Amino acid sequence: MVLDDLGSSLRGSLDQLRGKSRLDEEDVEDIVKEIQRSLLQADVSVDLVMDLSEDIRQRALDEEPPGGTSARDHVLRIVYEELVDLVGESTDLPLEDQTIMLAGLQGSGKTTTAAKMAWWFSKKGLRPGVIQTDTFRPGAYDQAKQMAERAEVEFYGEPDNDNPVEIAEHGMEELLDVDVLIVDTAGRHALEETLIDELEQIESVVEPDRNLLVLDAAIGQGAKEQADRFDDAVGIDGVTITKLDGTAKGGGALAAVDRTDSSIAFLGTGEEVQDIERFEPDGFISRLLGMGDLKQLTERVERAMEETGQDEDDWDPESMMDGEFTLHDMRKQMEAMNNMGPLSQVMDMIPGLGGGLKDQLPDDAMDVTQERMRDFEVIMDSMTDDELQNPRSISKSQIERIARGSGKEEEQIRELLEQHKMMDRMMDQFSGMGDGDMQRMMKQMGGGGGGGGGLGGMGPFGD
């Protein structure tokens, strides 16, 4: 999850209220101080932190909690609403034919972002294409071409042409059949006149529907100045914040953008083309506070099914629960999980599993789990179809053969078989549940010890 330190710090602050039914001024003051410390460490500006904490303080003292709501859940809801307001709205980005021009300083991640955005649009059913006009940075063309190939989208560039405006003109002619055209431009180390002139000339040729500014999250509070300067120069309709997985300053960048006349369109959270997500303030803050993000989770599940070539008939939990749960079924689940992205990100999206629960795990727990899943796949590659279909019948001699074939320890084979047994038992428990039992379980998951009534209804709190 992006901004892990901020999320765990905020959750730790709120956990101080566990067990309390009512708040006094001392409780509120303590929690406000902890929230201030958390936000300042995430590089949110002092004036914003002071305004936010004062709003939280007043609301926590003045508003009466709904009947049956704990003090923690009452404050959690207030913090959620105030943080959503702090990071602002998402950039309007309709799923229709359009041209988007990217701008930004050198090193901000524009070239990677162009391919990521193209990939994102392709997953929404549109046909995107990328034009690479950066003739300033060595290797820009090769990087852009490789990223476009990984994203499986159309690409145009001219490695031997040093005129970016000509490249833009030719690209427009060559990619007439695409729905969404993304134009990557050159950056510089500063917002210098040559960069502005070049952007203005390219803009006059491609006539973009939207100009998006790409900012490295490490810029922190400096995001406001850069957004304002680019907006004055060429006009900015939205911002993409990159590298949120590698800096503690991301909170400052997110909050700073909302202090401009702009908004956030996308978040970049890794190096792969799939590591991009549409910025949705409510879901983003919900994950940050450990309450999950069912919308983002649903998108990832759908993507995983598509990547593994599965359709709804292949991915049928009911048939797994009614019949025998095999290693074939387990493998399908593991492949889908792998295609959903890093396990830590997926956990953050599941109500009741991210946030507080993840905070209790060792720092390397997610890496260990991911590595274990990879080992299990290698082991299953060395099994026969009959063994995959009937894992309970695997004998000691078969374990020895599978270990030799997979290059893994016999103990790891036994771990896989034990994991399968546990999942099989869980499926049996699910199959024995009535509708009422299932609803109670889902409500518990949705509450997650702090969601204030589950994630059904309006937003993460219900209505």
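Reckoned from all heavy atoms, side chains included, excluding hydrogens, waters and symmetry mates. Residue indices begin at 1 and follow the sequence shown. Bear in mind that the values here come from a model prediction, so they are computed numbers and not experimental data.
- Between atom OG1 of residue T99 and atom CG of residue L181 there is a gap of 4.5 Å, rounded to the nearest 0.5 Å.
- Surrounding CG of D261 are at most 12 heavy atoms belonging to other residues, nucleotides or ligands under 6.0 Å away.
- At distances below 3.5 Å, at least one donor-acceptor pair connects side-chain atoms of R210 with backbone N or O atoms of D92.
- In this structure, D51 has no side chain to side chain contact (heavy atoms under 4.5 Å, CB included) partners at least two apart in sequence or on a different chain.
- Panel note: side chain D231, backbone A227; no donor-acceptor pair is recorded below 3.5 Å.
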### Message
side-chain contact (heavy atoms from CB on, under 4.5 Å) for Y141 and T135? Distances and angles first, verdict last.
### Response
CA-CA 8 Å; Y141 170 85; T135 61; over 6 Å; no
### Message
Set out, in order, the CA-CA distance, both residues' side-chain angles and the distance that settles side-chain contact (heavy atoms from CB on, under 4.5 Å) for I219 and E225, then state yes or no.
### Response
CA-CA 10 Å; I219 198 171; E225 180 188 0; over 6 Å; no
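- Between the side chain of D184 and the backbone N or O of A144 there is no donor-acceptor pair closer than 3.5 Å.
- In this structure, the side chains of V130 and M147 stay at 4.5 Å or more apart for every pair of heavy atoms.
- Considering all non-hydrogen atoms of both residues, Q274 and W119 come closest at CG-CZ2, 3.4 Å.
- Salt bridge status for E198 with R188: present, with a side-chain N to carboxylate O gap under 4.0 Å.
- Residues V32 and R57 come closest through the heavy atom pair CG1-NH2, 3.5 Å.
- Remark: the backbone N or O of A265 is not paired with any side-chain donor or acceptor of T240 at under 3.5 angstrom.
- Taking the side chain to side chain donor-acceptor pair (under 3.5 Å) definition, one finds that E64 meets it with R22, sequence neighbours left out.
- Counting heavy atoms from C-beta on, the side chains of P164 and I202 come closer than 4.5 Å.
- By the side chain to side chain donor-acceptor pair (under 3.5 Å) test, Q221 pairs with D43, sequence neighbours left out.
- A donor-acceptor contact shorter than 3.5 Å links the side chain of T91 to the backbone of S263.
- Pairing each heavy atom of K110 with each of L102, the nearest pair is O-CD1, 3.7 Å.
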### Query
Is there a side-chain contact (heavy atoms from CB on, under 4.5 Å) between F266 and R278 once you walk through the steps?
CA-CA 5 Å; F266 290 100; R278 189 81 166 87; 3.9 Å; yes
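- Here E152 pairs with nothing under the side chain to side chain donor-acceptor pair (under 3.5 Å) rule; sequence neighbours left out.
- Looking at every heavy atom in both residues, P281 comes nearest to G88 through CG-O, 3.0 Å.
- K145 and E149 are joined by a salt bridge, as a carboxylate oxygen and a charged side-chain nitrogen come within less than 4.0 angstrom of each other.
- With values rounded to the nearest 0.5 angstrom, T133 atom OG1 is found 13.0 Å from H170 atom NE2.
- Residues K116 and T242 fail the side-chain proximity criterion, which asks for heavy atoms closer than 4.5 Å.
- The shortest distance between side-chain heavy atoms of F279 and V239 does not fall below 4.5 Å.
- In this structure, Q58 places its CD atom where more than 12 heavy-atom neighbours from other residues, nucleotides or ligands lie under 6.0 Å away.
- For the pair F230/L105, a side-chain contact is recorded, criterion being any heavy-atom separation below 4.5 Å from C-beta on.
- Atom CD1 of I35 sits about 4.5 Å away from atom CD1 of I56, to the nearest 0.5 Å.
- For D179 (side chain) and L126 (main-chain N/O), no donor-acceptor pair under 3.5 Å exists by modelled atom type.
- Between the side chain of D142 and the backbone N or O of G139 there is no donor-acceptor pair closer than 3.5 Å.
- When the shell of 6.0 Å around CG of D162 is examined, it contains 12 or fewer heavy atoms from other residues, nucleotides or ligands.
- With respect to the salt-bridge test (charged N to carboxylate O, under 4.0 angstrom), the residues R37 and E34 qualify.
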### Working for side-chain contact (heavy atoms from CB on, under 4.5 Å), residues E193 and D197
CA-CA 6 Å; E193 283 304 314; D197 290 344; 4.3 Å; yes
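- Every residue meeting the side chain to side chain contact (heavy atoms under 4.5 Å, CB included) condition with D24, not counting sequence neighbours, appears here in chain and number order: E26, D27.
- Distance alone, capped at 3.5 Å, places no donor-acceptor pair between the E96 side chain and the Q98 backbone.
- Interatomic distance, I264 CD1 to I241 CD1, rounded to the nearest 0.5 Å: 4.0 Å.
- Atom CD of E29 and atom CG of L61 lie 8.5 Å apart (nearest 0.5 Å).
- Looking at heavy atoms from C-beta onward, D97 lies out of side-chain contact with D209 at the 4.5 angstrom threshold.
- Of all non-hydrogen atoms in E82 and R59, the two that sit nearest each other are OE2-NH1, 3.1 Å.
- Note that the CG atom of L40 and the CD atom of Q36 stand 7.0 Å from one another [nearest 0.5 Å].
- Scanning for side chain to side chain donor-acceptor pair (under 3.5 Å) contacts around T112 gives Q143, with sequence neighbours left out.
- Residues K224 and D228 are paired through a salt bridge, judged by an N-O separation under 4.0 Å between the basic side chain and the carboxylate.
- For the pair D216 and G107, the tightest heavy-atom approach, listed with the atom from each and the gap, is OD2-O, 4.0 Å.
- The backbone N or O of I236 sits nowhere less than 3.5 Å from a side-chain atom of N211 that would complete a donor-acceptor pair.
- With contacts defined as side-chain heavy-atom distances shorter than 4.5 Å, the pair I100/F121 qualifies.
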